[in-house]
K.L.:
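Pasting in a structure now, in structure tokens, and then I'll have a few things to ask.
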Protein chains: 2
Amino acid sequence: MAEIYDRVALIGLGLIASSMFWAIRRAGLAGEVRGYARSAETRETAREIGLCDRVCDTLSETVEGADLVVLCVPVGVMGDIAVEIAPLLKPGATVTDVGSVKSDVIAQVRPHIPDGVHFVPGHPLAGTEHSGPRSGFAELFDNRWCLLVPVEGTDPAAVDRLRRFWEGCGANVDEMDADHHDLVLAVTSHAPHLIAYTMVGVADDLRRVTDSEVIKYSAGGFRDFTRIAASDPTMWRDVFLSNKDATLEILGRFTEELFALQRAIRQGDGAHLHDYFTRTRAIRKGIIEAGQDTDAPDFGRGGGKK
Amino acid sequence: MAEIYDRVALIGLGLIASSMFWAIRRAGLAGEVRGYARSAETRETAREIGLCDRVCDTLSETVEGADLVVLCVPVGVMGDIAVEIAPLLKPGATVTDVGSVKSDVIAQVRPHIPDGVHFVPGHPLAGTEHSGPRSGFAELFDNRWCLLVPVEGTDPAAVDRLRRFWEGCGANVDEMDADHHDLVLAVTSHAPHLIAYTMVGVADDLRRVTDSEVIKYSAGGFRDFTRIAASDPTMWRDVFLSNKDATLEILGRFTEELFALQRAIRQGDGAHLHDYFTRTRAIRKGIIEAGQDTDAPDFGRGGGKK
């Protein structure tokens with residue numbers, strides 16, 4: 001694949017940025033990739049494992065001459081970074097981000113972007129429960145969606161170029177309005193994460209009762225919850241605080257439904273439960289058909305009938 | 001491995017029974033395995049795929065002469081099956097089950113077990129979201145726990161024999177008291193399943209708002225929830241109805257915690273959220289260390305740094 005940007009700057013070197021670097025390198029999407037992390041330890045690790053062509057100690061060295069600047073920091077500090085890099089941005093450059101919330105990030109970042117610089121917010125829908133510079137891998141974005149959320153008046157050519165960049169990283173790209181993005185993500189990601197965190201917290205309280213049995217016998221549903229609830233605490237704190245309204249709206253609906261099901265259990269209303277569970281099963285089929293998960297009978301544990 | 005039972009009868013031919021058959025065959029644990037399913041269609045499928053050495057049309061043919069009879073039916077009908085098979089059981093035989101709830105199953109089944117027949121309730125902590133005779137595979141129980149819940153006065157030799165049988169199927173075996181089992185499982189499996197069903201139901205309601213986007217962009221937490229919420233509706237209806245008290249107790253605690261976190265989001269209390277998420281992360285480490293899940297950075301999607 002041809003180079004799409006001459007120089008890319010990755011600010012923040014966690015799971016997403018490190019995966020971006022390996023994906024950029026895999027497809028040859030950039031002439032040079034510079035990376036920056038606030039923590040000296042993270043920069044040290046990045047140098048040790050060869051993450052980025054150049055790991056910089058300052059934002060100015062990182063952003064200097066970059067055609068694409070990617071903000072890969074927690075949503076809560078996007079605005080602070082925007083303030084710092086604004087005077088350093090090259091005319092004609094594109095600034096994008098990878099935050100899980102869009103309206104709040106746009107409100108934080110947009111006022112600081114100078115004239116002549118393109119701002120195209122983005123969100124790759126990909127991740128694992130791991131974080132830090134060592135957690136990235138080139139395939140993270142393969143066949144995943146990356147949503148671009150262009151603000152009014154953005155140059156379509158800048159959006160198109162960023163689209164081709166993400167496609168080069170393996171992703172499918174769609175455009176979406178910021179508020180709509182935040183509602184959809186509250187349903188598909190933010191509320192489920194809070195719920196998983198909550199359930200794992202409940203189990204933690206009960207560990208004092210049941211010793212280590214909750215961990216030992218954690219087959220089934222709970223194990224999946226613990227994986228979700230192992231995600232980066234800082235990133236998720238910021239997501240909930242910056243997508244407050246949509247998250248609380250969805251959690252309110254969730255609680256209503258949960259109470260209705262609890263009541264059915266208490267009253268022994270098996271028909272209500274069975275109908276509900278049959279309906280939810282159909283949604284799973286939709287996801288498999290949309291190619292967003294595997295239907296392997298053993299979850300890729302290497303099994304299969306012998 | 002040597003034969004442990006001369007003849008095994010599997011009653012109900014879903015995910016667990018079909019996996020048991022392939023595991024029994026893999027290790028040569030039984031001379032003959034007979035299988036029965038109430039539905040003619042299921043029996044037909046079983047014959048077509050070679051599931052069981054003999055698929056029987058009646059319970060009496062299935063149970064006749066069996067040294068081990070395994071009840072693999074939904075928890076709600078265990079008692080009915082026990083009534084039907086009681087007069088057919090061979091003296092010295094062992095009856096066990098694979099239900100996810102133990103106190104209720106014991107109350108249903110035990111009164112019907114004749115003198116001279118051993119009843120050793122069991123529960124393999126293994127499953128996928130798939131169901132039916134085609135869903136089984138020999139490796140389902142490998143390195144998973146199987147909990148035996150012997151009732152008072154059970155012959156230790158019968159328990160020991162069943163233990164060796166499950167070990168032959170690849171499982172690790174532990175013994176546990178029935179009430180304690182039901183509480184631990186309410187935490188690790190039953191409450192998480194209800195919560196996942198609920199969240200997927202909420203998303204289904206919102207589909208009318210967001211079209212198919214909830215499915216299309218279902219990366220992250222929600223996708224895992226849909227997998228859990230695709231589990232067999234009849235099985236889970238029965239689990240919730242028969243482990244009502246423990247499930248409602250855990251859901252009550254869950255709701256309390258969720259409300260506290262919602263309040264922290266509403267009030268912008270980032271410290272509370274961050275502390276909570278840091279604590280839940282530690283539990284995940286415990287599960288990885290206990291060997292109950294994989295820590296592969298890409299969830300087995302075939303990635304890794306290039």
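Order of the sequence lines sets the chain letters (A, B, ...), proteins ahead of strands, with each chain counted from 1.
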K.L.:
Looking at every non-hydrogen atom in both residues, tell me the closest pair between Ala229(B) and Thr280(A) and how far apart they are.
P.N.:
O-OG1, 3.1 Å
K.L.:
Find the one option among Thr247(A), Leu248(A), Leu261(A), Asp232(A) whose heavy-atom pairs under 4.5 Å with chain B are most numerous.
P.N.:
Leu248(A)
K.L.:
Is it the backbone or the side chain of Thr255(A) that comes under 4.5 Å from a heavy atom of chain B, or both, or neither?
P.N.:
side chain
K.L.:
Among Phe240(A), Phe259(A), Phe254(A), single out the residue with the greatest number of heavy-atom pairs under 4.5 Å to chain B.
P.N.:
Phe254(A)
K.L.:
Within the distance-only criterion (no hydrogens, no angle test), does the side chain of Ser19(A) pair as donor or acceptor with the backbone N or O of Ala138(A) below 3.5 angstrom?
P.N.:
no
K.L.:
With respect to chain A, which residue among Thr278(B), Ile195(B), Leu15(B) yields the maximal number of heavy-atom pairs within a distance under 4.5 Å?
P.N.:
Ile195(B)
K.L.:
Please check if the side chain of His190(A) supplies one atom and the backbone of Ser100(A) the other of a donor-acceptor pair under 3.5 Å.
P.N.:
yes
K.L.:
Contact part of Leu185(A) toward chain B, heavy-atom cut-off under 4.5 Å: side chain, backbone, both or neither?
P.N.:
neither
K.L.:
Which atoms of Tyr276(A) come close to chain B, meaning under 4.5 Å heavy atom to heavy atom: side chain ones, backbone ones, both, or neither?
P.N.:
side chain
K.L.:
Hey, what do you get for CZ (Phe137(A)) to CZ (Arg26(A)), rounding to the nearest 0.5 Å?
P.N.:
10.5 Å
K.L.:
Please rank Ile265(A), Leu241(A), Thr234(A) by heavy-atom pairs under 4.5 Å with chain B and give me the top one.
P.N.:
Ile265(A)
K.L.:
Parallel, tilted or perpendicular: which fits the ring planes of Trp236(A) and His193(A), with parallel below 30° and perpendicular above 60°?
P.N.:
parallel
K.L.:
Counting heavy-atom pairs under 4.5 Å with chain B, which one of Val200(A), Leu147(A), Asp269(A) comes out on top?
P.N.:
Val200(A)
K.L.:
Side chain, backbone, both or neither: which part of Ser131(A) has an atom under 4.5 Å from a heavy atom of chain B?
P.N.:
both
K.L.:
With only heavy atoms counted, which part of Ser231(A) is less than 4.5 Å from chain B, the side chain, the backbone, both or neither?
P.N.:
backbone
K.L.:
Tell me whether Glu257(A) is salt-bridged to Arg253(A), with the criterion being a basic N under 4.0 Å from an acidic carboxylate O.
P.N.:
no
K.L.:
So which of Asp238(B), Leu273(B), Asp275(B), Asp245(B) has the largest heavy-atom pair count under 4.5 angstrom toward chain A?
P.N.:
Leu273(B)
K.L.:
Does Lys102(B) use its side chain to pair, donor to acceptor, with the backbone of Gly122(B) at less than 3.5 Å?
P.N.:
yes
K.L.:
Please assess Met199(A) against Ile250(B) for the test side-chain contact (heavy atoms from CB on, under 4.5 Å), listing each intermediate value before the final yes or no.
P.N.:
CA-CA 9 Å; Met199(A) 187 63 223; Ile250(B) 300 303; 3.8 Å; yes
